[in-house]
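Reviewing the structure listed below.
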Amino acid sequence: MSHRITAQLVRFGAVGVGTWAVGTVLYLVLRTVTGPITANVAATVAGTLLSTAVHARVTFGATTTHNARAHLQAAAMVVVSLGAGNAVLAALGSLAPNASTVAESAALTATGALIGLTRFVVLRQWVFAPA
(Lines give C-alpha, C1' and ligand atoms only; values in the text may rest on other atoms or scores of the structure.)
Protein backbone atom coordinates (compact mmCIF):
# COMPACT_ATOMS: atom_id res chain seq x y z
CA MET A 1 0.00 0.00 0.00
CA SER A 2 1.39 3.40 -0.92
CA HIS A 3 2.23 6.01 1.70
CA ARG A 4 -0.51 8.31 0.35
CA ILE A 5 -3.25 5.68 0.69
CA THR A 6 -2.02 4.72 4.15
CA ALA A 7 -2.04 8.35 5.28
CA GLN A 8 -5.53 8.85 3.86
CA LEU A 9 -6.76 5.70 5.57
CA VAL A 10 -5.36 6.85 8.93
CA ARG A 11 -6.96 10.29 8.54
CA PHE A 12 -10.21 8.66 7.39
CA GLY A 13 -10.22 6.50 10.52
CA ALA A 14 -9.56 9.45 12.81
CA VAL A 15 -12.31 11.53 11.21
CA GLY A 16 -14.59 8.50 11.25
CA VAL A 17 -14.11 7.95 14.97
CA GLY A 18 -14.81 11.62 15.66
CA THR A 19 -17.95 11.79 13.54
CA TRP A 20 -19.07 8.38 14.87
CA ALA A 21 -18.84 9.78 18.41
CA VAL A 22 -20.96 12.81 17.46
CA GLY A 23 -23.53 10.60 15.73
CA THR A 24 -23.65 8.13 18.61
CA VAL A 25 -24.20 10.86 21.19
CA LEU A 26 -26.92 12.36 18.99
CA TYR A 27 -28.57 8.92 18.65
CA LEU A 28 -28.46 8.29 22.39
CA VAL A 29 -29.88 11.74 23.19
CA LEU A 30 -32.65 11.39 20.61
CA ARG A 31 -33.52 7.91 21.87
CA THR A 32 -34.66 9.49 25.13
CA VAL A 33 -37.49 11.24 23.26
CA THR A 34 -38.13 9.14 20.15
CA GLY A 35 -37.98 5.64 18.71
CA PRO A 36 -34.89 3.94 17.30
CA ILE A 37 -35.69 4.47 13.62
CA THR A 38 -36.33 8.22 13.98
CA ALA A 39 -33.20 8.64 16.09
CA ASN A 40 -31.18 6.65 13.52
CA VAL A 41 -32.47 8.76 10.61
CA ALA A 42 -31.56 12.04 12.32
CA ALA A 43 -28.15 10.83 13.52
CA THR A 44 -27.27 9.26 10.16
CA VAL A 45 -28.18 12.33 8.11
CA ALA A 46 -26.33 14.69 10.46
CA GLY A 47 -23.30 12.39 10.72
CA THR A 48 -23.05 11.87 6.97
CA LEU A 49 -23.19 15.59 6.22
CA LEU A 50 -20.57 16.31 8.87
CA SER A 51 -18.23 13.52 7.84
CA THR A 52 -18.44 14.35 4.13
CA ALA A 53 -17.41 17.95 4.81
CA VAL A 54 -14.57 16.96 7.15
CA HIS A 55 -13.31 14.13 4.91
CA ALA A 56 -13.15 16.51 1.96
CA ARG A 57 -10.69 18.79 3.74
CA VAL A 58 -8.87 16.57 6.22
CA THR A 59 -8.75 13.12 4.62
CA PHE A 60 -8.50 13.97 0.94
CA GLY A 61 -7.18 17.54 1.03
CA ALA A 62 -9.85 18.83 -1.32
CA THR A 63 -9.49 22.53 -1.99
CA THR A 64 -12.75 22.78 -3.90
CA THR A 65 -16.14 21.69 -2.69
CA HIS A 66 -16.84 19.06 -5.37
CA ASN A 67 -20.45 20.15 -4.86
CA ALA A 68 -22.37 17.85 -7.20
CA ARG A 69 -20.30 14.73 -6.54
CA ALA A 70 -20.10 15.33 -2.79
CA HIS A 71 -23.84 15.89 -2.45
CA LEU A 72 -24.68 12.90 -4.63
CA GLN A 73 -22.29 10.68 -2.68
CA ALA A 74 -23.62 11.94 0.65
CA ALA A 75 -27.19 11.25 -0.45
CA ALA A 76 -26.27 7.76 -1.64
CA MET A 77 -24.45 6.99 1.62
CA VAL A 78 -27.41 8.23 3.67
CA VAL A 79 -29.68 5.84 1.77
CA VAL A 80 -27.27 2.91 2.20
CA SER A 81 -26.58 3.71 5.84
CA LEU A 82 -30.23 4.15 6.69
CA GLY A 83 -31.22 0.96 4.91
CA ALA A 84 -28.56 -1.09 6.66
CA GLY A 85 -28.99 0.58 10.05
CA ASN A 86 -32.76 0.35 10.05
CA ALA A 87 -32.59 -3.31 8.95
CA VAL A 88 -30.22 -4.04 11.86
CA LEU A 89 -32.51 -2.21 14.29
CA ALA A 90 -35.53 -4.14 12.99
CA ALA A 91 -33.68 -7.45 13.30
CA LEU A 92 -32.51 -6.58 16.81
CA GLY A 93 -36.06 -5.59 17.75
CA SER A 94 -37.34 -8.96 16.52
CA LEU A 95 -34.58 -11.04 18.11
CA ALA A 96 -34.29 -9.07 21.36
CA PRO A 97 -37.39 -6.92 21.85
CA ASN A 98 -36.10 -5.59 25.17
CA ALA A 99 -32.63 -4.68 23.88
CA SER A 100 -31.18 -1.62 25.54
CA THR A 101 -30.39 1.62 23.77
CA VAL A 102 -26.71 0.78 24.26
CA ALA A 103 -27.23 -2.55 22.45
CA GLU A 104 -28.96 -0.70 19.61
CA SER A 105 -26.06 1.73 19.44
CA ALA A 106 -23.53 -1.13 19.41
CA ALA A 107 -25.37 -2.82 16.55
CA LEU A 108 -25.42 0.44 14.61
CA THR A 109 -21.70 0.94 15.31
CA ALA A 110 -20.80 -2.47 13.88
CA THR A 111 -22.93 -1.82 10.81
CA GLY A 112 -21.42 1.64 10.43
CA ALA A 113 -17.88 0.25 10.51
CA LEU A 114 -18.60 -1.96 7.50
CA ILE A 115 -20.26 0.89 5.68
CA GLY A 116 -17.30 3.13 6.56
CA LEU A 117 -14.86 0.91 4.70
CA THR A 118 -17.07 1.09 1.64
CA ARG A 119 -17.36 4.85 2.06
CA PHE A 120 -13.56 5.24 2.05
CA VAL A 121 -13.33 3.52 -1.33
CA VAL A 122 -16.24 5.52 -2.76
CA LEU A 123 -14.85 8.85 -1.53
CA ARG A 124 -11.33 8.08 -2.70
CA GLN A 125 -12.23 6.67 -6.12
CA TRP A 126 -15.29 8.68 -7.06
CA VAL A 127 -15.92 11.84 -5.06
CA PHE A 128 -12.44 13.20 -4.37
CA ALA A 129 -10.52 11.42 -7.11
CA PRO A 130 -8.16 13.61 -9.09
CA ALA A 131 -9.85 14.92 -12.22
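Numbering starts at 1 and runs along the sequence shown.
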* Which word best sums up how the rings of Phe12 and His55 line up, parallel for under 30°, tilted for 30 to 60°, or perpendicular for over 60°? -> parallel
* Between the side chain of Thr34 and the main-chain N/O of Arg31, is any donor-acceptor distance below 3.5 Å? -> no
Is any side-chain heavy atom of [X] closer than 4.5 Å to a side-chain heavy atom of [Y]?
X	Y	answer
Tyr27	Thr101	yes
Thr19	Val15	yes
Glu104	Asn40	no
Leu30	Thr38	no

Shortest non-hydrogen separation from [X] to [Y] and the atoms involved:
X	Y	answer
Ala46	Leu26	CB-CD2, 3.9 Å
Leu28	Ser105	CD2-CB, 4.1 Å
Val41	Leu82	CA-CD2, 3.5 Å
Ser51	Arg119	OG-NH2, 2.9 Å
Ile115	Ser81	CG2-OG, 3.6 Å
Thr59	Arg11	O-NH2, 2.8 Å

* Under 4.5 Å between side-chain heavy atoms, hopping through other hydrophobics if needed: is there a path connecting Val122 to Leu9? -> yes
* Do you reckon Val54 sits in the same ILVMFWY cluster as Phe60, going by side-chain contacts under 4.5 Å, direct or chained? -> no
* **Worked check of side-chain contact (heavy atoms from CB on, under 4.5 Å) between Met77 and Thr52** => CA-CA 10 Å; Met77 289 311 299; Thr52 298; over 6 Å; no
